[in-house]
Amino acid sequence: MAEQKEQKAMEGQEEMEEMEAMEGQQAGNLEEEEAEGELEEGNKPEGEPQTEEGPQEGETCEEPSEEGQEEGKKGFFKKKDKKNKQEEKIAELTDQLQRQMAEFDNFRKRTEKEKAQMFEIGAKSVIEVILPVVDNFERGLSAVPEDAKEDPIAQGMDKIYKQLMAELEKLGVTPMEAVGKEFDPEFHNAVMQVENEEYESGIVAQELQKGYMYRESVVRHSMVAVVQ
């Protein structure tokens, strides 16, 4: 009986060992399969497309990296600098245009002033030539006797003289009054001194040749005699 029990115990122990050996062999096979699967995943070709799944519902997109932010800032500042340069160029060109317009306006005014001065110089030259003719008309009319003033020739001379003086007045030529005025070298040319009880010393007592003004300037000074 004891031998039979020992034999059964030994058989049970052998069965247990066989089961443990089989379980160990199965675990080793599983480890080998997992290792082979990992090798296969690591040996996939580089050119094989890999799909990337986008963010699913409930997931949030990742914020751009610092490099992306820096690139965006650089692009923004480049555009801003370009705009500022354009505005500076526009301001510079506008300033140049305004300066040129101001210079042209000054040139135009200066030219007009020079033209006016040249016209006055030319007009004075013509008036100076005409004034002796006026003097001769006045001398001739003053020499006509009283009884001959109704003569057609005398009347014709008087009409021509008046017409000439009217045209000179339209041009701005006017005679100066000298007698009874205080002597002024700006307007008078004293050729002699006389004694006169009617006027004080330094007053023009007699006009020997009439003086004329053209607008606001003297064309010919009055030739006068001044009380001493």
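Owing to the predicted nature of the structure, the values given are computational and were not obtained by experimental measurement.
Here Arg215 contributes atom CZ and Thr174 contributes atom OG1; the two are 11.5 Å apart, rounded to the nearest 0.5 Å. Between atom CZ of residue Phe183 and atom OG of residue Ser222 there is a gap of 10.5 Å, rounded to the nearest 0.5 Å. Interatomic distance, Glu88 CD to Gln86 CD, rounded to the nearest 0.5 Å: 11.0 Å. To the nearest 0.5 Å, atom CE of residue Met223 and atom CD of residue Gln209 are 4.5 Å apart. Taking CZ from Arg99 and OG1 from Thr94, the interatomic distance works out to 12.5 Å, rounded to the nearest 0.5 Å.
At a threshold of 4.5 Å between non-hydrogen side-chain atoms, the residues Met192 and Leu208 count as touching. The shortest distance between side-chain heavy atoms of Leu93 and Leu97 does not fall below 4.5 Å. Side-chain contact check for Tyr161 versus Val134: some heavy-atom pair is nearer than 4.5 Å. Residues Glu186 and Val218 have side chains not in contact (no heavy-atom distance under 4.5 Å, counting atoms from C-beta outward).
Residues meeting the salt bridge (charged side-chain N to carboxylate O under 4.0 Å, His left out) test with Lys181, sequence neighbours left out: none.
Closest non-hydrogen pair, Ala205 versus Val227, comes out as CB-CG2, 3.6 Å. In plain terms, the two heavy atoms of Glu182 and His188 that are nearest each other are O-CE1, 3.4 Å. Residues Val224 and Ala178 approach most closely at CG1-CB, 3.9 Å, considering heavy atoms. Minimum interatomic distance between Pro132 and Arg220 (heavy atoms only, all atoms of both residues): N-NH1, 4.5 Å. Closest non-hydrogen pair, Tyr199 versus Gly180, comes out as CE2-CA, 3.8 Å.
Heavy-atom contacts from other residues, nucleotides or ligands closer than 6.0 Å to CD of Gln228 number more than 12. The environment of Glu216 atom CD is sparse: at most 12 non-hydrogen atoms of other residues, nucleotides or ligands sit within 6.0 angstrom. Few gaps surround CD on Glu128; more than 12 heavy atoms of other groups in view lie less than 6.0 Å from it. At most 12 non-hydrogen atoms from other residues, nucleotides or ligands lie less than 6.0 angstrom from CD of Gln163.
Sorted by first and then second residue, the salt bridge (Lys or Arg N to Asp or Glu O under 4.0 Å) pairs with a member in residues 189-212 read Glu138-Lys210; sequence neighbours excluded.
Hydrophobic clustering, with ILVMFWY side chains joined whenever heavy atoms are under 4.5 angstrom apart, groups Tyr212 together with Ile127. Under the 4.5 Å side-chain heavy-atom criterion for ILVMFWY residues, a single connected hydrophobic cluster contains both Ile130 and Val173. Tracing side-chain contacts under 4.5 Å through hydrophobic residues (I, L, V, M, F, W, Y), one never reaches Leu168 starting from Met213; they form parts of separate clusters. The hydrophobic cluster containing Tyr214 also contains Met165, counting ILVMFWY residues as joined when their side-chain heavy atoms lie under 4.5 angstrom apart, directly or transitively. In the hydrophobic clustering of ILVMFWY residues, with side-chain heavy atoms under 4.5 Å counting as a link, Leu171 and Met176 come out apart.
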Which pairs of donor and acceptor atoms, one on a side chain in residues 106-123, lie under 3.5 Å apart (sequence neighbours left out)?
| from | atom 1 | to | atom 2 | distance (Å) |
| --- | --- | --- | --- | --- |
| Asn106 | ND2 | Ala102 | O | 3.3 |
| Arg108 | NH1 | Glu112 | OE2 | 3.2 |
| Arg108 | NH2 | Asp105 | OD1 | 2.5 |
| Lys109 | NZ | Asp105 | OD2 | 3.4 |
| Thr111 | OG1 | Phe107 | O | 2.7 |

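Paired with Met157 under the rule side-chain contact (heavy atoms from CB on, under 4.5 Å), one option of Leu141, Val144, Asp151 passes, and it is Leu141.
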